[in-house]
Amino acid sequence: MSDWLSRLIELVPVRGMVDFRCFFGAPWRVDFAAAAPGEIDYHVILGGAAVVDDATGAPARKLAAGDILLFPHGAAHSLHDESGREPVPARARPGLNLVFQENEGTGERLDMMCGRFLLAPAHERLMRSYLPPRLVVRAAENSAAAAAPGTAAQVAGLVALLRAESASEHLGGLAMLNALSTALFALALRLAGEDREAPVGLLALAGNPRLAPALAALFNEPSRSWTLPELARLCNMSRATFIRHFEERLGRSASDLLADIRMTLAANALKTSDMATAAVAELAGYQSEAAFQRAFKQHMGITPAQWRRGARVASSRVPRASA
């Protein structure tokens, strides 16, 4: 049986892409428009500090070296030096594998890497519905040697690899950077899930050891006809206590999560196999093809047949231009 995060990433493949690295002296500012469908902007503070303002409704927050910032819902946002002064214009300097954004500011220096995590349209609901609008992951001292053992040290080590690879002009460097940033997604979510103050959603649910058995069961056996008493027994809770704790942590019900997992599983099968719709319905845990057809259209907005046709003829997404 896989852990919930491994199963999530298996169901919702995420591809990392590094866009550019910033070297700014204050005053500076970078504005990012709302992300395109299927894109999650991320920023890694490698050195210096930055303040983030965004459209999520969360207050401005100061970021330090080692912080990783993600926008799972694709919100527009700005990063700046907090001075409020007119920013010094930046210029782009193309490298062999990466574009460098630089300015001639003389104040405190910032070193930041910016990129995106890409996912298919069918997977957006499962990812964006259960992750917070803005997520900040702190990898301690930004040094694998200094960070406490465990995930924080792994994240710091991965960030160090990203920094070193982006600073070099090695053959295959861009492929390496993108592969490392793909791994960064999983590690960032793992680290966020270990935070006792994780926001409502999958990360908060995963951070509660008592609820972890139910979370693993839903991800590993979505075709099973789970009942609330069964899930409660897995967690050694009464039905009422399980419902209360699960919904407080997740922000939605266990039935909602199960339905979204099933729809993601079905969408993947329709896209990648020639299985009949009735077989896909059974795979996703539906007793009848008609019930599956109704549920799929409600979730996806189109029928399974329409989704299958569209998924097979859709061209690859054109990456959004770097800010």
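Heavy-atom basis, side chains included; hydrogens, waters and symmetry copies ignored.
- Under the rule for a salt bridge (Lys or Arg N to Asp or Glu O under 4.0 Å), Glu86 has no partner lying at least two apart in sequence or in another chain.
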task = Kindly determine whether Trp4 and Leu202 satisfy side chain to side chain contact (heavy atoms under 4.5 Å, CB included), including the steps that lead there.
result = CA-CA 9 Å; Trp4 75 270; Leu202 276 176; 4.0 Å; yes
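- Listed by first and then second residue, the ring pair (Phe, Tyr, Trp, His ring centres under 6.0 Å) pairs that reach into residues 244-292 are Phe242-Phe246, Tyr286-Phe292, Phe292-Phe296, sequence neighbours excluded.
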ask   = After noting the C-alpha distance and the side-chain angles of Leu231 and Leu218, does the key distance pass the side chain to side chain contact (heavy atoms under 4.5 Å, CB included) rule?
value = CA-CA 9 Å; Leu231 294 171; Leu218 293 175; 4.1 Å; yes
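- Residues passing the side-chain hydrogen bond (donor to acceptor under 3.5 Å, both in side chains) test with Asp274 are Arg312, sequence neighbours excluded.
- By the 4.5 Å heavy-atom criterion applied to side chains, Thr106 and Val88 are not counted as neighbours.
- Here the closest heavy-atom approach between residue Asn103 and residue Phe24 is recorded as OD1-CA, 3.4 Å.
- Residues satisfying the salt bridge (Lys or Arg N to Asp or Glu O under 4.0 Å) test with Glu10, not counting sequence neighbours, are Arg7.
- Applying the ring pair (Phe, Tyr, Trp, His ring centres under 6.0 Å) test to pairs two or more places apart or on separate chains, those with a residue in residues 46-74 are Phe71-His77.
- Scanning for side-chain hydrogen bond (donor to acceptor under 3.5 Å, both in side chains) contacts around Ser223 gives an empty result, with sequence neighbours left out.
- Met237 and Ile243 end up in the same hydrophobic cluster when Ile, Leu, Val, Met, Phe, Trp and Tyr side chains are linked at under 4.5 Å.
- Within 6.0 Å of CZ in Arg244 there are more than 12 heavy atoms belonging to other residues, nucleotides or ligands.
- Note on residues 43-63: pairs passing salt bridge (Lys or Arg N to Asp or Glu O under 4.0 Å), not counting sequence neighbours, are Asp54-Arg134, Lys62-Glu82.
- A heavy-atom distance below 4.5 Å is not found between the side chains of Leu63 and Met112.
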Candidate pair Leu283 and Leu265, rule side chain to side chain contact (heavy atoms under 4.5 Å, CB included), full reasoning = CA-CA 8 Å; Leu283 176 70; Leu265 181 66; 4.2 Å; yes
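- Using a 4.0 Å cut-off between charged nitrogen and carboxylate oxygen, Asp67 and Arg138 count as a salt-bridge pair.
- In this structure, Ser78 and Arg29 have side chains that are in contact, with non-hydrogen atoms separated by less than 4.5 Å.
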Under 3.5 Å, sequence neighbours excluded: what are the donor-acceptor pairs made by side chains of residues 167-186?
from, atom 1, to, atom 2, distance (Å)
Ser168, OG, Glu165, O, 3.0
Glu169, OE1, Leu96, N, 3.0
Glu169, OE2, Leu96, N, 3.4
Asn178, OD1, Val18, N, 2.9
Ser181, OG, Met17, N, 3.4
Ser181, OG, Leu177, O, 3.4
Ser181, OG, Asn178, O, 2.9
Thr182, OG1, Gly16, N, 2.7
Thr182, OG1, Asn178, O, 2.9

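- Residues satisfying the side-chain hydrogen bond (donor to acceptor under 3.5 Å, both in side chains) criterion with Thr227, sequence neighbours excluded, are Glu230.
- Clustering ILVMFWY residues whenever any of their side-chain heavy atoms sit less than 4.5 angstrom apart, transitively, puts Leu258 in the very cluster that holds Val12.
- Glu282 pairs by the salt bridge (Lys or Arg N to Asp or Glu O under 4.0 Å) definition with nothing, not counting sequence neighbours.
- In this structure the side chain of Tyr42 never reaches within 4.5 angstrom of the side chain of Val137, judged on heavy atoms.
- Arg252 has its side chain out of reach of Leu257: every pair of non-hydrogen atoms, C-beta onward, lies at least 4.5 Å apart.
- In this structure, Cys114 and Phe32 have side chains that are in contact, with non-hydrogen atoms separated by less than 4.5 Å.
- Legend: salt bridge (Lys or Arg N to Asp or Glu O under 4.0 Å) pairs involving residues 284-305, not counting sequence neighbours: none detected.
- Taking the side chain as every heavy atom from C-beta outward, Leu131 and Leu189 approach each other to under 4.5 Å.
- Side-chain contact between Val136 and Val52 is absent, with no heavy atoms from C-beta onward closer than 4.5 Å.
- Partners of Arg93 by salt bridge (Lys or Arg N to Asp or Glu O under 4.0 Å), not counting sequence neighbours, listed by chain and number: Glu102.
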